[in-house]
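One structure is given below, encoded as structure tokens.
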Amino acid sequence: MAHVVKAPEIVAVPVADSTDTFPVRRVYCVGRNYAAHAREMGFDPDREPPFFFCKPADAVRPVAEGETLDIPYPTETNNYHYEIELVAAIGKGGRDISVEDALNHVWGYAVGLDMTRRDLQMKMREMGRPWEIGKAFDDSAPIGPLHRADKVGHLENAAIKLDVNGATKQSSSINKLIWSVAETVSYLSRFFELVEGDLIYTGTPEGVGPVVKGDLMVGSVEGLGTLSVKVV
């Protein structure tokens, strides 16, 4: 038996200090998971249940440490935004995972960018329609190398930051997540069976904004190195 069309390639994220890679299955993203970002987007940051959207696995663009990824300015938008995020990688699957056990399912962490066609996202929101056209497009999920949790630990107070052309635009700490990584993994597993290879983009702090062709974004999460991406 043969495939009738060419099978898609597996997207694989490099593992820090290793020749191994992490194959990507699904990409889940948490919306408005920092209170200050919720306010800047016009929402009350009360601790309501988290909500999620997805990106396709082939939206993920791995970037090796010390390298810069060129990504094209996307079509059909005039308001292309950066969102720096901590990414958690699932290494042990499960359903209905308890908060107490959730971090045992996290294989590692990386720095990620949730790139957004903000004008299209806002238009869909106003119309009550799904966000995919603003969030799930090609090249919308750059990611740096994954760092094993058994080496870097489970991050709780790490600084998170994004510079654009050398100027700091986002600066916060993981401890300001409304829903922690453990709580997010647990809640998400009530609705989806989490499987090895899943990535969770855990939300962005305040300071999101637009980039244009020629802009260089350098993001970091303390202990996880940097992620360098240029818009071309």
Side-chain angles (χ1 to χ4, degrees), residues 13 24 26-55 59-60 80-90 97 99 102-103 105-106 108-118 121-122 124-125 130-132 134-137 140-144 146-147 149 154-164 168-192 194 198-210 217 219-224 227 229:
V13 180
V24 178
R26 290 183 182 173
V27 182
Y28 300 98
C29 303
V30 188
R32 297 195 297 267
N33 203 20
Y34 287 79
H37 174 58
R39 292 189 191 98
E40 76 177 354
M41 298 301 290
F43 292 91
D44 186 338
D46 284 345
R47 192 175 156 88
E48 62 180 358
F51 71 93
F52 302 89
F53 57 92
C54 292
K55 293 177 183 271
V60 173
Y80 183 41
H81 277 211
Y82 53 79
E83 297 188 9
I84 191 67
E85 310 207 1
L86 170 70
V87 182
I90 298 298
I97 299 166
V99 173
L103 293 183
H105 293 257
V106 176
Y109 299 94
V111 186
L113 276 167
D114 168 18
M115 300 304 297
T116 303
R117 294 193 279 208
R118 188 72 72 200
Q121 180 200 15
M122 294 298 98
M124 293 302 104
R125 190 179 83 182
W131 287 6
E132 272 75 7
K135 286 286 193 178
F137 54 95
S140 61
I143 188 172
L146 276 165
H147 295 253
H154 292 291
L155 308 181
E156 296 181 352
N157 296 298
I160 183 169
K161 179 182 176 185
L162 180 78
D163 293 347
V164 179
T168 298
K169 299 295 184 179
Q170 294 185 271
S171 181
S172 190
S173 173
I174 300 304
N175 65 16
K176 294 184 179 180
L177 284 165
I178 296 172
W179 291 87
S180 69
V181 172
E183 291 169 328
T184 296
V185 169
S186 175
Y187 191 84
L188 183 61
S189 74
R190 292 166 52 185
F191 299 91
F192 301 91
L194 297 181
D198 290 344
L199 297 177
I200 303 174
Y201 280 60
T202 61
T204 194
E206 70 276 14
V208 300
M217 299 171 284
S220 62
V221 174
E222 187 178 359
L224 302 181
L227 170 62
V229 177

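Here the structure is a predicted model, which means the values were calculated and not measured.
- Considering every non-hydrogen atom in both Ala102 and Ala182, the closest pair reads CB-O, 3.3 Å.
- For the atom pair Leu86 CG and Leu155 CG, the distance stands at 6.0 Å (nearest 0.5 Å).
- The closest side-chain donor-acceptor pair between Lys161 and Ser171, if any, does not fall under 3.5 angstrom.
- In this structure the side chain of Pro210 never reaches within 4.5 angstrom of the side chain of Tyr80, judged on heavy atoms.
- Using modelled atom types, one side-chain atom of His147 and one backbone atom of Leu224 make a donor-acceptor pair closer than 3.5 Å.
- Nearest heavy atoms, Thr116 versus Asp114: OG1-O, 3.2 Å.
- With rounding to the nearest 0.5 Å, the separation of CD in Gln170 from CG in Asp163 is 10.0 Å.
- The shortest distance between side-chain heavy atoms of Tyr201 and Glu83 does not fall below 4.5 Å.
- Nearest heavy-atom pair across Ser220 and Ile84 is N-CD1, 4.3 Å.
- Counting heavy atoms from C-beta on, the side chains of Tyr109 and Ile174 never come closer than 4.5 Å.
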Is there a side-chain contact (heavy atoms from CB on, under 4.5 Å) between Ile143 and Val24? Walk through the geometry before answering.
CA-CA 11 Å; Ile143 188 172; Val24 178; over 6 Å; no

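- Nearest heavy-atom pair across Val106 and Ala88 is CG1-CB, 4.2 Å.
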Assess whether side-chain contact (heavy atoms from CB on, under 4.5 Å) is satisfied between Tyr28 and Leu194, documenting all intermediate values.
CA-CA 10 Å; Tyr28 300 98; Leu194 297 181; 3.9 Å; yes

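- Within the 3.5 Å criterion, the main-chain N or O of Lys176 finds no donor-acceptor partner in the side chain of Ser173.
- Inter-residue side-chain proximity for Leu162 and Leu113 is flagged as met; some heavy-atom pair is nearer than 4.5 Å.
- Put simply, the side chain of Tyr82 gets close to the backbone of Gly207: a donor and an acceptor are under 3.5 Å apart.
- In this structure, the side chain of Ser172 does not engage the main chain of Ile160 through any donor-acceptor pair within 3.5 Å.
- Distance check: Asn157 CG to Asn175 CG gives 5.0 Å after rounding to the nearest 0.5 Å.
- The backbone N or O of Ala158 sits nowhere less than 3.5 Å from a side-chain atom of Glu222 that would complete a donor-acceptor pair.
- We find the CZ-CZ distance between Phe51 and Arg32 to be 4.0 Å, quoted to the nearest 0.5 Å.
- Asn33 approaches Gly203 most closely through the heavy-atom pair CB-CA, 4.2 Å.
- Note: Trp131 and Phe53 have tilted aromatic rings, judged against thresholds of 30 and 60 degrees for the angle between ring planes.
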I would like to know whether Met115 and Met217 meet side-chain contact (heavy atoms from CB on, under 4.5 Å); could you show each step before the answer?
CA-CA 11 Å; Met115 300 304 297; Met217 299 171 284; 3.9 Å; yes

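- Atoms CG and CZ, on Leu188 and Arg26 in that order, are 9.5 Å from each other to the nearest 0.5 Å.
- In terms of the side-chain contact (heavy atoms from CB on, under 4.5 Å) criterion, residue partners of Ala136 (sequence neighbours excluded) are, by chain and number, Pro56, Glu132.
- The two residues Val229 and Pro142 make their nearest non-hydrogen contact at CG2-CB, 3.9 Å.
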Determine whether Val208 and Arg118 satisfy the following criterion, side-chain contact (heavy atoms from CB on, under 4.5 Å), listing intermediate values before the conclusion.
CA-CA 10 Å; Val208 300; Arg118 188 72 72 200; 3.6 Å; yes

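- Going from atom CD of Glu85 over to atom CD1 of Ile200 covers 11.5 Å, rounded to the nearest 0.5 Å.
- Within the 3.5 Å criterion, the main-chain N or O of Ser140 finds a donor-acceptor partner in the side chain of Lys55.
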